[in-house]
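Some notes on the structure that comes next.
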Amino acid sequence: MILFLGSPLGQTPKLNNSGDDIWLYDNQNKIIDYIAYGSGSEVNTPPSSLLNLWDNTYQSSLVGVSAGQSISLTPNGQDTNTSACWEASTSGNAKTRCPNYLPTINTDATASRITSVGKNNNGVAPKLLLVKRITRINNQDLTDIVDGRSDVAITAANYVPEPYASDDNDTKWPASYLRGLINGGTVKPGDELEYTIYFLSKGPSDATNVKFCDLVPTNTTFIPTAFNGSTPRDGGLAGADQGIALAIGSSSPTVYLSNVEDADRGRFYAANEVAPSYCGANTNGAVVVNITRSPDLPNLVKDFYGFVRFRTKVK
């Protein structure tokens, strides 16, 4: 939804610059939505709070825009009935107050207008690239740099299906960062395999509420003590086993996570245990990490990188 203030269309404005409201009704004359901005006599008594149509906490900030500049809803185009998620288009004013904020944009060809009438007024959702490698077999670290490709036989050691084959070619990955093999070759029961899942924030906006889940590969079991004794910890329960490593902007782990539900960012879910829905079917175990966390890492800015790492034993 977009509201114009001032006189952007060469006509007498229908809304008051200093404050006004809009009531939306269905075909049975029942109110279904409401928005207000600013203050003054043009702002009527709002609908009953029992209808949960509007939270006016930031209503007074939705004024002072330039003539021809619209007021826009920000969070993925979804009306959350709160003034926190409205802003003057392209201003970024709602960034610090609106959950899952996406920037509003200007697609109007007329220089005197700032809006995107008839189009989704939200910026492109942030994207995260993920690249998975086997980085250790038993006690041998693997330093190979392998280019994943889709134009090779599916049995090839570097085969990766589309649309993921080019993810390891992004120029924003640090040089030689993506070490490890795509296919570890022949292994036998009792062998230990280390999996590293690298991530890169592609933007264009900051990635928030980043939650990671990787299912433990079939025919292997998660090693819960893989990083016991490693420091620093992440605020988890003292004495708890550590089976997960996290790197933030580094080529080496920057923090080690416990496997249990506690104050740190990691958790391991045993096979068939109820895991977060974004994991899918948990038939052999799931490694879950909340990569972002306030106040130390509330979002991943564009080009931010890191990895999650865990180890398994071949059955």
Side-chain angles (χ1 to χ4, degrees), residues 128 130-142 178-181 184 187-201 207-300 304-315:
L128 204 66
L130 298 174
V131 172
K132 188 172 184 176
R133 295 289 188 266
I134 298 172
T135 49
R136 178 184 173 105
I137 298 179
N138 296 320
N139 295 319
Q140 182 65 48
D141 288 332
L142 304 177
L178 304 178
R179 70 171 183 86
L181 300 177
V187 294
K188 63 184 184 299
D191 282 348
E192 294 186 2
L193 306 178
E194 179 181 85
Y195 292 93
T196 299
I197 302 88
Y198 302 95
F199 61 83
L200 174 67
S201 181
T208 60
N209 196 29
V210 179
K211 298 180 179 181
F212 166 93
C213 180
D214 195 51
L215 298 174
V216 175
T218 305
N219 297 320
T220 70
T221 56
F222 177 76
I223 302 177
T225 59
F227 302 107
N228 277 9
S230 298
T231 57
R233 299 174 67 91
D234 193 43
L237 187 66
D241 287 335
Q242 298 174 171
I244 308 167
L246 173 65
I248 300 296
S250 171
S251 59
S252 301
T254 54
V255 70
Y256 296 89
L257 315 178
S258 69
N259 310 319
V260 297
E261 184 73 38
D262 55 20
D264 74 13
R265 284 173 280 189
R267 171 77 191 275
F268 171 70
Y269 291 83
N272 301 312
E273 187 177 359
V274 178
S277 59
Y278 52 83
C279 290
N282 175 25
T283 59
N284 197 46
V287 175
V288 173
V289 177
N290 295 328
I291 295 176
T292 54
R293 180 179 65 179
S294 293
D296 48 343
L297 188 65
N299 53 57
L300 303 183
F304 193 93
Y305 63 91
F307 63 74
V308 174
R309 177 173 289 165
F310 63 92
R311 294 174 183 169
T312 69
K313 180 174 288 189
V314 179
K315 294 181 181 179

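Only this structure's heavy atoms are used, side chains among them; waters, hydrogens and symmetry mates stay out.
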Residue pair [X] / [Y], side-chain heavy-atom distance below 4.5 Å:
X	Y	answer
R293	D234	yes
L237	S258	no
T135	D141	no
Y269	C213	no
I197	F310	yes
R309	P253	yes
Y198	R179	yes
L300	T292	yes

Problem - Passing option when K315 is tested against N284, N219, T220 for side-chain hydrogen bond (donor to acceptor under 3.5 Å, both in side chains) - result: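 Of N284, N219, T220, side-chain hydrogen bond (donor to acceptor under 3.5 Å, both in side chains) with K315 is met by N284 alone.
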
Problem - Contacts of S251 that satisfy side chain to side chain contact (heavy atoms under 4.5 Å, CB included) - sequence neighbours left out - result: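 Counting only residues at least two positions away or on another chain, S251 forms a side chain to side chain contact (heavy atoms under 4.5 Å, CB included) with Y177.
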
Exercise for the section: Starting at CG of L193, measure out to CZ of R136 and round the result to the nearest 0.5 Å. Expected result: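 Between L193 CG and R136 CZ, I get 11.0 Å after rounding to 0.5 Å.
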
Exercise for the section: For the residue pair F199 and F304, categorise the inter-ring angle as parallel (less than 30°), tilted (30 to 60°) or perpendicular (more than 60°). Expected result: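 Geometry flag for F304 against F199: parallel rings.
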
Would you find a donor on one side and an acceptor on the other, under 3.5 Å apart, between the side chain of [X] and the backbone of [Y]?
X	Y	result
D241	P224	no
R265	V289	no
N228	Q242	yes
D262	D264	yes
N259	R267	no

Exercise for the section: Test V308 against every option in L257, L246, V288 by the side chain to side chain contact (heavy atoms under 4.5 Å, CB included) rule and name the one that passes. Expected result: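 Exactly one candidate clears the test, L246.
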
Practice task
Check step by step if side chain to side chain contact (heavy atoms under 4.5 Å, CB included) holds for V216 and T221.
Solution key: CA-CA 7 Å; V216 175; T221 56; over 6 Å; no

Practice task
Assert yes or no for the condition that the ring centre distance of F222 to F268 is strictly below 6.0 Å.
Solution key: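 Yes, the ring of F222 comes within the 6.0 Å limit of the ring of F268, centre to centre.
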
